[in-house]
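Just below is one structure, and these are the notes that go with it.
Throughout, protein chains are lettered first and strands after them, A, B, ... in sequence-line order, and every chain is numbered starting at 1. All heavy atoms count here, side chains included; hydrogens, waters and symmetry mates do not.
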Amino acid sequence: MTYIAKPRVHHPALQKNEIGLTRRDYEGTVTTLCAGCGHDSITAAIIHAFWELSIPPHTVAKLSGIGCSSKTPAYFLKEAHGFNSVHGRMPSLVTGANAANGAITYIGVSGDGDSLSIGLGQLCHAIRRNVNVLYVLENNGVYGLTKGQFSASADPGSLSKRGEPNTMEAIDGCLMALTLGATFVARSFSGDKAQLVPLLKAGLKHKGFAFIDVISPCVTFNDHEGSTKSYAYTRENTVEVVQADFIAPAKAITTEYDPGAVREVTMHDGSTVRLRKVADDYDPADRDRAYHYIRKKHAEGEVVTGLLYISTDSKDMQAQNSLGATPLVQLPYEQLCPGSAELAKLQQQFR
Amino acid sequence: MTYIAKPRVHHPALQKNEIGLTRRDYEGTVTTLCAGCGHDSITAAIIHAFWELSIPPHTVAKLSGIGCSSKTPAYFLKEAHGFNSVHGRMPSLVTGANAANGAITYIGVSGDGDSLSIGLGQLCHAIRRNVNVLYVLENNGVYGLTKGQFSASADPGSLSKRGEPNTMEAIDGCLMALTLGATFVARSFSGDKAQLVPLLKAGLKHKGFAFIDVISPCVTFNDHEGSTKSYAYTRENTVEVVQADFIAPAKAITTEYDPGAVREVTMHDGSTVRLRKVADDYDPADRDRAYHYIRKKHAEGEVVTGLLYISTDSKDMQAQNSLGATPLVQLPYEQLCPGSAELAKLQQQFR
Amino acid sequence: MNRVNEFAFKIATANGSGSASANSLIMQAIFRMGVPVTGKNVFPSNIQGLPTWYEIRVSGKGYTARTPQFDLMVALNPATYEKDVKEVQPGGWLLHDSTWPLDERLHRSDITLIGIPLAQMCNDHFSGVRERILMKNIAYAGALSALLGIDADIIRTLLKEKYGRKPALMDSNQKAVDLGFTYAMSNFPCPLPIHLAPLDKTKDAILIDGNTAAALGCVYAGATVGAWYPITPSTSMMEAFKRFCLKYRRDTESGTNRFAILQAEDELSAIGMVIGANWAGARSFTPTSGPGISLMNEFLGLAYYAEIPAVVFDVQRTGPSTGMPTRTQQCDLMMCAYASHGDTKHICLYPSDPREAFEFAVKAFDLAERYQTPVFVLTDLDIGMNDWMVPMLQWDDSYRPDRGKVLTAEQLAEAKAFYRYLDVDGDGIAARSLPGTHPKGAYFARGSGHNKFGGYTEDAEEYTEVVDRIARKVNGARRAVPAPVTQGPGNARLGILTVGGCHAACMEAVDQLAAEGIVVDYMRVRGFPFGEEVTAFLEKHETVFVVEQNRDGQLRSLLTLETGVPVARMESVRYYGGYPMSAHHVIAGIRARLEKVA
Amino acid sequence: MNRVNEFAFKIATANGSGSASANSLIMQAIFRMGVPVTGKNVFPSNIQGLPTWYEIRVSGKGYTARTPQFDLMVALNPATYEKDVKEVQPGGWLLHDSTWPLDERLHRSDITLIGIPLAQMCNDHFSGVRERILMKNIAYAGALSALLGIDADIIRTLLKEKYGRKPALMDSNQKAVDLGFTYAMSNFPCPLPIHLAPLDKTKDAILIDGNTAAALGCVYAGATVGAWYPITPSTSMMEAFKRFCLKYRRDTESGTNRFAILQAEDELSAIGMVIGANWAGARSFTPTSGPGISLMNEFLGLAYYAEIPAVVFDVQRTGPSTGMPTRTQQCDLMMCAYASHGDTKHICLYPSDPREAFEFAVKAFDLAERYQTPVFVLTDLDIGMNDWMVPMLQWDDSYRPDRGKVLTAEQLAEAKAFYRYLDVDGDGIAARSLPGTHPKGAYFARGSGHNKFGGYTEDAEEYTEVVDRIARKVNGARRAVPAPVTQGPGNARLGILTVGGCHAACMEAVDQLAAEGIVVDYMRVRGFPFGEEVTAFLEKHETVFVVEQNRDGQLRSLLTLETGVPVARMESVRYYGGYPMSAHHVIAGIRARLEKVA
Ligand SMILES: Cc1ncc(C[n+]2csc(CCOP(=O)(O)OP(=O)(O)O)c2C)c(N)n1
Ligand SMILES: Cc1ncc(C[n+]2csc(CCOP(=O)(O)OP(=O)(O)O)c2C)c(N)n1
Ligand code: SF4
Ligand code: SF4
Ligand SMILES: [Mg+2]
Ligand SMILES: [Mg+2]
């Protein structure tokens, strides 16, 4: 894990990285998300990670599905090609792009609806293929953009805006990824930049599918723990009054705490999430142990964060397909077309 | 597990069950699968299970996707409604049907391509919903009907008909189901009727999603363990010679062995699968232990069979949706329509 | 033109700022004054911060189409000042928040500025960020009440109805209204020349959006299983269905529901659930929009070929692809008519407003079950999400669902044999049976080749026999879909033919043309396949203007394909920028063509 | 009619019994005799046991269409005896296995029985179940060689080419051939009146199926990324592409590939991969069939609107839904032309045989990149999976891919600014850039509303400007798609217009009509949107027979929609039972209409 060092702190915004770029050079257009949305914090962390790694922005491609989370690639790396595609199907796009040009650094941004509902099949199969991409799942337990329906990561028992309980099991993206043989599995919290930035960097450097589930509170529809009290409060005092179209300006939730520690984070609606950061001596090389640990802590009401599992010796899709160092897009046509003489020769088979 | 008793043996085919029906009454049309196909053995076990449970055939609905496996509902319970639908999407059909009429016994039959490739998302979400259905995944590691491409359950390293190795991780339906919170997870082997019949019966009686992964050798394209030798042999001696359109008649593979024991089963191509039957004292009530056990044995080259996990106190979809004892389809219209007076009253809100 | 009770105004704010309550308060108050009113919510695909507008048209004459000509603009969003100020009609008014110095972009010599210190007033009188922002909205409503002559008592009543049980809220809202009202009264000549005067034209009407009305239709039709995946602009339909079901279909004693709402993982799954539920015998439906229909294509072909009822509401939005999810269009006409690969054709219903959305929802289930096939109800964002003034919904208590040919256990027991796809009656419709009914009712539904007995086939004749019957069956539905609505002398040279929500704009255009001495016959189609009267209408008129909201003239395409009338006989009038069609667009389109011809 | 080199026969066996080798041995031998020959494989959607047929037509005149009239039936499948025996033309022959007593269903007084004890002979001469079954097939090939005068030396040579390296296999095959040959020779008057005589009409031709040819086209076009999900009848296309790539694109030294083949988890994913790869700059394609296209609808709209190239091969099969997966139809014409919700239109290419499948595959990539949009190549099961005799494929080594407007790093560096959707050249086509090229090339591709600069928009004018340009762009492709093929005097009263694989049947029908004194002009469209010559052809002829293989006249629909020519001017001639179109169907259809008119 040598490449997951703590980020250096206290950079002035205009400090230059190794290739002479400032953090500003890694920004995108201005966000249109709700003030305080966790997704914006993740955007900031992504900008930071790319900047720290001194990756030339134009050598990056950023892809997403549809949702509030999927809008965010517009808000970072304006010099990178972006693709805000269709709902839930970004994994296949990034797979195709990766086959075509493996010399690009790929980042995919998605939401829990995008990834775990409509896109579950594609996500699972991209993991299985070990496509070389950093896949960031901005997980808020709801469909933000369509106004707060439960997503598949909503906890059982949590309450909707209207006060109806979610009756189904939540899908845990990390457990799913581990089960599918993912080669990099991590979880973090949007407000924990100190943890998130190095994880993003590790994911970018990982050769294969780097899955990061980032808990990212939705200011507007978030109800992560389903604390009835807080929602009841909101319903009584806000929702009915303004016909649900008033979104109170909020601050993004941030937290910093030490490896091995547990931190209770209060969400916008007053509910809490207990985060447990894996300890420094946690060994992310054992898939089964990682699975077990997540399950165990979950049973204790804790959400484990950190780099949960990594395998560094597995082949990514490029390697599995025996692709060479020169990306397919750069092969000259002459190396692709067998020519007329060969065609004539070949056709003797068809006689 | 009281309802998983060993099946009574030595029934003459015309013996009657509690409702006076013979096994013949539970049959369907004649199979059109290859002689020796594992799927036909599963069909026989299904017939047996329904017969033993004395379920009136017309109170059953049998659904499937597309594939050799998905054809099989035609071959059992001719007096049950059947639905051979589209590829990979049967879970949603059975979900809708179940909501409409919970008084029917549902059985869904699918293949590994149908369930784990195109249908992965739907399967996962039906599991999550805990739809009350016995879901039989007839798992042969290939797409039989389209002639032998790898499915998502093909083992890494196994060879295709043409001798190319599969480079990807296999999806293990049972691990997946356990991770998704499935309430009934089992695995069996098509040729092990002694084990399969009671599992099917248990699945039929389970109130919720009963997932049974049945390893079912494909006579024609099967390459389960990827033993290079056996395939090389086939290629040299058969495939080229007859342009791959000759399907040698074969016998279905059967096996019988004791709980707790390991049995090496030879597939049609000469490769072998090591099956381990859970011991009588195996406790299927612990989800994490089940997961761990499957993984551990898998690492040792064994495929665990038996009832791996069951939860009897979880709510199925019907219960989660607060549906009453009378199925929705049987509610008289009068109980559904609020009437004109109520409409007039309601409309005062819209003024 | 008399400007009393005939004008339009627009309110520009930012999304998520809570202005919706104020806007609907204004709408409702005007409605209660007995004056016909329409509101169009022009909102972004965003949750907080992007520009949003609310357009209110007041029309004593009863015109409900959108008008793009605004007499008054309430410009409260600095981000769109420039655009907003341009939209005011010469001689019109611009209301702005004078808390801050006037933005240069708000200067225009031909309009009158009305500055009201909304923020200032609310900061002075309320505490807390939330309340200050919220009350600013209510304050502009108060100002508008003074400026436009909206009855203050009615506003008070409305606030009471809403906050009656929460006196504190009631008080602050009333205070905010008063603040705006008083300030306007004391600083401007109230009311403005554009203002309201009480009428009695709304007493048998309601204000309702099409998604709510359609959901209510599903309840009244006896639909029990709703499956869906959220997508703008259809989402609120299932939310309404849920609300109504909880109200009417919940047995509180036993805690059981007489409905099931399944939030699917995507649209493929939603339509699968609907088909599964219908196959099992429930009336089941799914609301969606264009991208959802695209995803449902494969399943729709299955339902068509295996002959399973299904009701799909397509609340259309601007395409292609994700397009503009919060803008309206009629751009899925072709896709719905022929969805899925292979030879298919589907019954479509085209309501023109929420009232018809209610009625056609019911009709859709009857047709789906009678013809055992998918039925689409095509509305659009404008019909689905905007509040329309429509006559009160009526219900005939003698209505009973038309389940079509469904064999009972008794009928099956008596029958010699049951063959699922046998056309016994010669009408192209074979009887079906439901799972669980009777051993003799069993059949094997499949999307693969089958013969009339329901057996699997790869035989040319057997296959052809079944698909030919299905074609006959679906074409037969032309006699059962709602007949076109017509108007006009019947023998005019020119015709206007339209569909769905363009109705309001066309009716207004017809009046305007008449005023200019141009007489036209009018027809609005309401169902597909088209009945013979549609062909007759096209053949009878020298020129027919086909008015619709899509780029490629999809209604015209359907007309050409299905009636055989050449395209050249139809002049296409299209607007597809994402706003609802207005009379202005219709007239402009027609005029351009008439001039071209002349 | 002279029956030498003009006849057809059919072989009925069971699927999986290994008869395919024998059948292609027969085909190839006839071909090597210089006699034009066509084979149609009529197989079930099953792996083992269900009935399967192989139809061989011999035509010295070079007719390659299917004929439904068989002079000789080789009836080896008891399950279909009854059906098979009916299909023999009066005066024809029936070959059966006389090992068993004659089945009653094989009695017909007007045909001649040829009994050969195939099973008996093989049981006597071979050992082991496998060999006995396999050799039975080769034995009937030997018998046919004697009966039909197929050159025995050629058969020997073919066996040598195939089994040269395996003498034991060579020997048993030759023995089986000889057994059948000798038995026929000694027991029947060989050759029959229908028989072969050497010609020299195949020397510049090959026998190839369309999937193989199309795959080869992809290789020659420089396509590097193939994504797919198996589906009959398209599966063999990707298998062929893989074979060719392993042969031509594998660097054995380094063990690296100059291609990537991605077996997707379904068709939604396959088209996603194709769009992703094309967006990244690779030529990428997917082969599929109807159900796959249905599933791709949403993504196709994205590619259309975000303007990303994509090449999709639709090897059509009998719809709707799963339909008859192993039968042919042209039933996706409408779906492909307008796939996806919203206003869309797609370029389509319609090869008529494997040679054109090769050529149009190359063309498809050029058009997709030039117009930055999805391009469909529509073949069908008949073209895709059957062996056709076509002229040898030609390749011009000077060909270089038309990548369209793709800006290089240098161009981007020099440019003031790059705006993705700006129509700089006025041809409706904006330049694109590829990821990784240059910082100035960056843009944000999206399926949501965007303006010409590539920015997100919900503005009516900005939105309209872009979709209007896209419509112009795609319509512009009418000048770039392959021009229609025409034949005839040009001034005939009647015309025949068709598409794709109906060509062969139509050409034969044209000759037959000419023989009856009926002169027709002929046109086969090869690309969509249609060029002006198509409109001209329709307008010029009193009646045009539109010949196609689907129930609803989809080609006629496209013609009506796109040319404006009224449906009434077109007489629809359709056959859609799942077999390839034959001249018989064309003539019958035309005759029925001519009589109706007369
Ligand atoms: C095919 C399709 N169905 C539905 C939608 C509507 N839709 C847009 S975003 C979204 C959910 C987004 O949820 P998530 O991915 O969790 O993102 P969030 O907004 O919460 O960040 C849905 C259902 C769509 N755009 N496309
Ligand atoms: C949408 C769609 N894509 C592809 C196919 C073609 N297809 C039919 S069966 C099948 C695979 C079946 O594999 P599996 O489910 O494992 O069943 P098996 O035949 O092995 O029992 C495929 C790809 C199809 N019918 N529909
Ligand atoms: S709705 Fe929620 S997820 Fe969407 S931008 Fe607002 S806070 Fe973020
Ligand atoms: S191909 Fe395989 S799976 Fe299909 S019927 Fe034959 S043996 Fe069974
Ligand atoms: Mg979310
Ligand atoms: Mg399989």
Where do Met273(C) and Leu93(B) land on the side-chain contact (heavy atoms from CB on, under 4.5 Å) test, with the steps shown first? CA-CA 5 Å; Met273(C) 291 171 181; Leu93(B) 288 174; over 6 Å; no
Working to the nearest 0.5 Å, report the span between [atom1] of [X] and [atom2] of [Y].
{"X": "Leu262(C)", "Y": "Gln320(B)", "atom1": "CG", "atom2": "CD", "answer": "10.5 Å"}
{"X": "Cys337(B)", "Y": "Trp395(C)", "atom1": "SG", "atom2": "CH2", "answer": "5.0 Å"}
{"X": "Leu346(B)", "Y": "Ile208(C)", "atom1": "CG", "atom2": "CD1", "answer": "7.5 Å"}
{"X": "Asp251(C)", "Y": "Gln335(B)", "atom1": "CG", "atom2": "CD", "answer": "8.5 Å"}
{"X": "Leu323(B)", "Y": "Thr256(C)", "atom1": "CG", "atom2": "OG1", "answer": "8.5 Å"}

Taking Gly82(B)'s backbone N and O only, do any of them form a donor-acceptor pair with Tyr443(C)'s side chain (distance below 3.5 Å, no angle check)?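 Judged by distance alone, no pair lies under 3.5 Å.
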Under 3.5 Å, is there a donor-acceptor pair between the side chain of Arg351(B) and the main chain of Thr202(C)?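 Between the backbone of Thr202(C) and the side chain of Arg351(B) there is a qualifying donor-acceptor contact (under 3.5 Å).
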Assess whether a salt bridge exists between Glu334(B) and Arg400(C), defined as any Lys/Arg side-chain N lying under 4.0 Å from an Asp/Glu carboxylate O.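 Salt bridge: yes.
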Does any non-hydrogen side-chain atom of [Y] lie less than 4.5 Å from one of [X]?
{"X": "Asn101(B)", "Y": "Pro435(C)", "result": "no"}
{"X": "Leu343(B)", "Y": "Leu216(C)", "result": "yes"}
{"X": "Lys71(B)", "Y": "Arg446(C)", "result": "no"}
{"X": "Pro338(B)", "Y": "Arg249(C)", "result": "no"}
{"X": "Gln263(C)", "Y": "Arg129(B)", "result": "no"}

Restricting to salt bridge (charged side-chain N to carboxylate O under 4.0 Å, His left out), what partner residues turn up for Asp387(C), sequence neighbours left out?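 For Asp387(C), no residue satisfies salt bridge (charged side-chain N to carboxylate O under 4.0 Å, His left out) once neighbours in sequence are set aside.
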Would you mind checking which part of Ala270(C) comes under 4.5 Å of any heavy atom in chain B, side chain (CB onward), backbone (N, CA, C, O), both or neither?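 Contact with chain B involves no heavy atom of Ala270(C) at all.
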Which bit of Ser254(C) is near chain B, if near means a heavy-atom gap under 4.5 Å: side chain, backbone, both or neither?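 Contact with chain B is absent: no heavy atom of Ser254(C) under 4.5 Å.
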Given Met389(C) and Phe350(B), is the side-chain contact (heavy atoms from CB on, under 4.5 Å) satisfied, shown in steps? CA-CA 10 Å; Met389(C) 191 191 85; Phe350(B) 303 131; over 6 Å; no
Please report the closest heavy-atom contact between Asn84(B) and Ser448(C), naming both atoms and the distance.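 Taking every non-hydrogen atom into account, OD1-OG, 4.4 Å.
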Heavy-atom closest contact (Ala277(C) atom, Ala100(B) atom, distance):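 So the two residues come closest at O-CB, 3.7 Å.
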Applying ring-ring contact (aromatic ring centres under 6.0 Å, His included), name anything that partners Phe209(B), two or more places apart in sequence or on another chain.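 For Phe209(B), the residues satisfying ring-ring contact (aromatic ring centres under 6.0 Å, His included) (neighbours in sequence not counted) are Tyr135(B).
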Mind telling me whether His438(C) and His58(B) have parallel, tilted or perpendicular rings, with 30° and 60° as the class edges?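 Tilted, since the angle between the ring planes falls between 30° and 60°.
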Hey, what's the ring geometry for Phe83(B) with Trp279(C), parallel, tilted or perpendicular (30° and 60° as the breaks)?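 Aromatic pair Phe83(B)/Trp279(C) classed tilted.
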Please walk me through it: do Gln347(B) and Leu393(C) pass side-chain contact (heavy atoms from CB on, under 4.5 Å)? CA-CA 8 Å; Gln347(B) 289 183 86; Leu393(C) 310 180; 3.3 Å; yes
Is there a donor in the side chain of His81(B) and an acceptor in the side chain of Ser433(C), or the other way round, less than 3.5 Å apart?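 The answer is yes; a qualifying pair exists.
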Name, in order of residue number, those residues of residues 30-37 of chain C that have a heavy atom at a distance of less than 4.5 Å from a heavy atom in chain B; otherwise write 'none'.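 Near chain B, by residue number: Phe31(C), Arg32(C).
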Residues 120-127 of chain B: residues contacting chain C (heavy atom under 4.5 Å, by number):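 Contacts with chain C: Gly121(B), Gln122(B), His125(B).
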Checking side-chain contact (heavy atoms from CB on, under 4.5 Å) for the pair Ser340(B)/Asp396(C): CA distance, chi angles, key distance, verdict? CA-CA 7 Å; Ser340(B) 64; Asp396(C) 174 357; over 6 Å; no
